[in-house]
Amino acid sequence: MSCDGRPLRISVFGAGSIGCYVGGRLAAAGAEVTLIGRERVGAEIREHGLRLTDLHGADIRVGAADIAFATGPESAATADLVVVSVKSAGTPEAGAALASAIGSDTVVVSAQNGLGNADTLRAALPEQVVLAAMVPFNVVHRGDGHFHQGSEGDLEIEQHPAVRAFAPVFDDAGLPLHARADFRSVQWAKLLLNLNNAVNALSGLPLREELSQRSFRRAVALAQREALTLLTARGIAVAKLTPLPPQWIPRLLTVPDGVFRVAGSRMLAIDPHARSSMWDDLEAGRRTEVDWISGEIVRLAAVSGTAAPVNARLVELIREAEAGGNRHWSGDALLDDLRSRRGPRKPTGKRQRN
């Protein structure tokens, strides 16, 4: 509830899978929610309403009459909170659109991949409080208004006094907000995990099936190790979002499949149909967010005066896939390709493991 006792007014700008799922859960908890997105999504929701399920058995229905849908930013004019969930490439346009629509007392939350989207929104919305948030779980759009949360995780958000006003409705929705003072380190930790997105998209497989194969996990480990080396060299902290410290995850990924089924069981606690958002984008013929995920590591290497050949190759392969290239790599073929990009390694007298 807002401070005057009325339902909290929330607009979700970018009603894709994440936006519809989060917005629908908030509406079911009593918030007054408006989804803002493409007309095709609006038509689907007007016909079917929303069905919101998760891997733990939740099954929530929101009728079409209980959630508003719009295609323009003007519908956010009276919102107390705007959750921005557009793809990263659309952030500048979203910021410009909201600048002409919302008041200075509206709080804006960037629930997007990548590192710099909240900063982009702050530049466009200097009078508003703009906070970065992190959505850790995967959402699958199953059609007919059905959105399924296929993996675990709680929402993280930048620590700020404004969070107190809307945190209760997120709690009621079963989406508790964990406020973090070290939010940049949280973003880096999420980005490290998201380096699997490109590998998953190139595999053409559901996430659980891809992560069950050691060769694909080794490919992810190559990308993560490259990133961690750069982050350590730059003195950039990485938060611990999983039971293991981030520096240990690449090692876990490389263990044999039988060991991983036990030691990495939490990573495999995923809906069998869940896929990465990057795979979804390729399937829909959309430009992916690879520049804001693997590309972030390439940019970090550039400012460090070095290179990130593994992540640069993943960016290149995704761009080729967007243009109609291979989207069904075998694990062995992808791993060999990525290994070949690293160049010769200095001999150490010990067997090298990846």
Side-chain angles (χ1 to χ4, degrees), residues 16-18 87-89 112-117 134-140 150-151 187-231 238 246 249-250 253-254 267 270 274-302 307-342 354:
S17 295
I18 291 290
K87 296 292 184 182
S88 296
Q112 302 167 270
N113 284 326
L115 300 173
N117 287 303
M134 187 270 286
V135 180
F137 49 75
N138 167 277
V139 174
V140 181
S151 56
Q187 289 180 302
W188 278 114
K190 172 72 183 311
L191 188 138
L192 281 171
L193 297 175
N194 278 352
L195 293 178
N196 180 55
N197 284 15
V199 174
N200 177 254
L202 293 168
S203 77
L205 300 172
L207 281 161
R208 191 162 78 182
E209 186 176 348
E210 173 238 325
L211 287 171
S212 295
Q213 298 183 33
R214 189 183 190 191
S215 53
F216 283 123
R217 295 198 307 274
R218 282 176 158 175
V220 179
L222 286 179
Q224 289 188 346
R225 283 191 175 118
E226 185 176 81
L228 283 163
T229 297
L230 288 164
L231 291 166
V238 181
I249 293 175
L253 292 172
T254 63
M267 289 189 184
I270 309 170
R275 299 174 186 261
S276 69
S277 59
M278 201 171 293
W279 181 91
D280 288 336
D281 288 338
L282 288 178
E283 188 73 4
R286 296 187 294 259
R287 188 171 177 83
T288 71
E289 292 187 293
V290 71
D291 284 339
W292 288 268
I293 301 175
S294 305
E296 290 282 6
I297 306 304
V298 177
R299 284 192 288 277
L300 181 64
V310 172
N311 283 282
R313 179 59 174 160
L314 286 170
V315 172
E316 183 180 338
L317 291 175
I318 291 294
R319 290 284 171 252
E320 290 175 3
E322 289 174 351
N326 188 2
R327 290 172 46 199
H328 294 90
W329 287 75
S330 71
D332 289 340
L334 182 59
L335 180 60
D336 287 345
D337 185 284
L338 296 178
R339 282 173 168 167
S340 73
R341 302 293 161 154
R342 296 178 302 167
N354 294 309

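All values below were derived from every heavy atom in this structure, side-chain atoms included, with hydrogens, water molecules and symmetry-related copies excluded.
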Next item on the list: Calculate, to the nearest 0.5 Å, the distance between atoms CG and CG belonging to Asn113 and Asn194 respectively.
Entry: 5.0 Å
Next item on the list: Report the distance from atom CD of Gln112 to atom CE of Met134, rounding to the nearest 0.5 Å.
Entry: 14.0 Å
Item checked: Minimum heavy-atom distance between Val315 and Ser294, given as atom pair plus value -> CG2-CB, 3.7 Å
Note to self: Tell me whether Arg217 contacts the main-chain N or O of Leu211 through its side chain, where contact means a donor paired with an acceptor under 3.5 Å.
What the structure shows: yes
Notebook entry, point to check: Taking Leu192 as the fixed residue, which of Ile293, Val220, Leu231 is the one that meets the side-chain contact (heavy atoms from CB on, under 4.5 Å) rule?
Noted result: Leu231
Next item on the list: Run through Asn197, Asn200, Thr288 and flag the one making a side-chain contact (heavy atoms from CB on, under 4.5 Å) with Trp279.
Entry: Asn200
Item checked: Spacing of OG belonging to Ser212 relative to CD1 belonging to Ile270, to within rounding of 0.5 Å -> 8.0 Å
Item checked: Option among Glu296, Arg299, Glu226, Glu316 that satisfies the side chain to side chain donor-acceptor pair (under 3.5 Å) test with Asn311 -> Glu226
Note to self: How close do Pro250 and Ala221 get, counting heavy atoms only, and between which atoms?
What the structure shows: O-CB, 3.6 Å
Next item on the list: Please determine which of Leu334, Leu335, Leu205 meets the side-chain contact (heavy atoms from CB on, under 4.5 Å) test together with Trp329.
Entry: Leu334
Next item on the list: Mind checking the CZ-CG spacing from Arg341 to Asp336? Nearest 0.5 Å is all I need.
Entry: 12.0 Å
Notebook entry, point to check: Counting N and O atoms only, with roles assigned by atom type, does the side chain of Arg327 sit under 3.5 Å from a partner on the main chain of Ser203, one being a donor and the other an acceptor?
Noted result: no
Next item on the list: Show your reasoning for whether side-chain contact (heavy atoms from CB on, under 4.5 Å) applies to Ser340 and Arg313.
Entry: CA-CA 10 Å; Ser340 73; Arg313 179 59 174 160; over 6 Å; no
Next item on the list: Looking only at non-hydrogen atoms, find the nearest pair between Phe216 and Gly331 and report the distance.
Entry: CZ-N, 3.2 Å
Notebook entry, point to check: Nearest 0.5 Å, what's the CG-CG distance between Leu338 and Leu314?
Noted result: 5.0 Å
Margin query: Check Arg319 with Asp291, please: is the shortest side-chain N to carboxylate O separation under 4.0 Å?
Written below: yes
Notebook entry, point to check: Is Asn138 reaching over with its side chain to a backbone N or O of Arg275, donor-acceptor style, under 3.5 angstrom?
Noted result: yes
Notebook entry, point to check: For Leu202 and Ala321, which heavy atoms make the closest approach, and how far apart are they?
Noted result: CD2-CB, 4.4 Å
Notebook entry, point to check: Is there side-chain contact between Leu253 and Arg218, with heavy atoms separated by less than 4.5 Å?
Noted result: no
Item checked: Nearest-0.5 Å distance that lies between atom CZ in Arg214 and atom OG1 in Thr254 -> 6.5 Å
Notebook entry, point to check: Looking only at heavy atoms, what is the nearest atom pair of Leu195 and Ala223, with distance?
Noted result: CD1-O, 3.6 Å
Check: What pair of heavy atoms forms the shortest contact from Leu228 to Pro246, and how long is it?
Finding: CD1-O, 3.7 Å
Next item on the list: Please answer whether the main-chain N or O of Val135 pairs with a side-chain N or O of Lys190 as donor and acceptor at a distance below 3.5 Å.
Entry: yes
Next item on the list: Would you please test Ser277 and Ile18 for side-chain contact (heavy atoms from CB on, under 4.5 Å) and show each step?
Entry: CA-CA 10 Å; Ser277 59; Ile18 291 290; over 6 Å; no
Note to self: Quick one, Val310 and Ile297 - any side-chain contact, counting heavy atoms below 4.5 Å?
What the structure shows: no
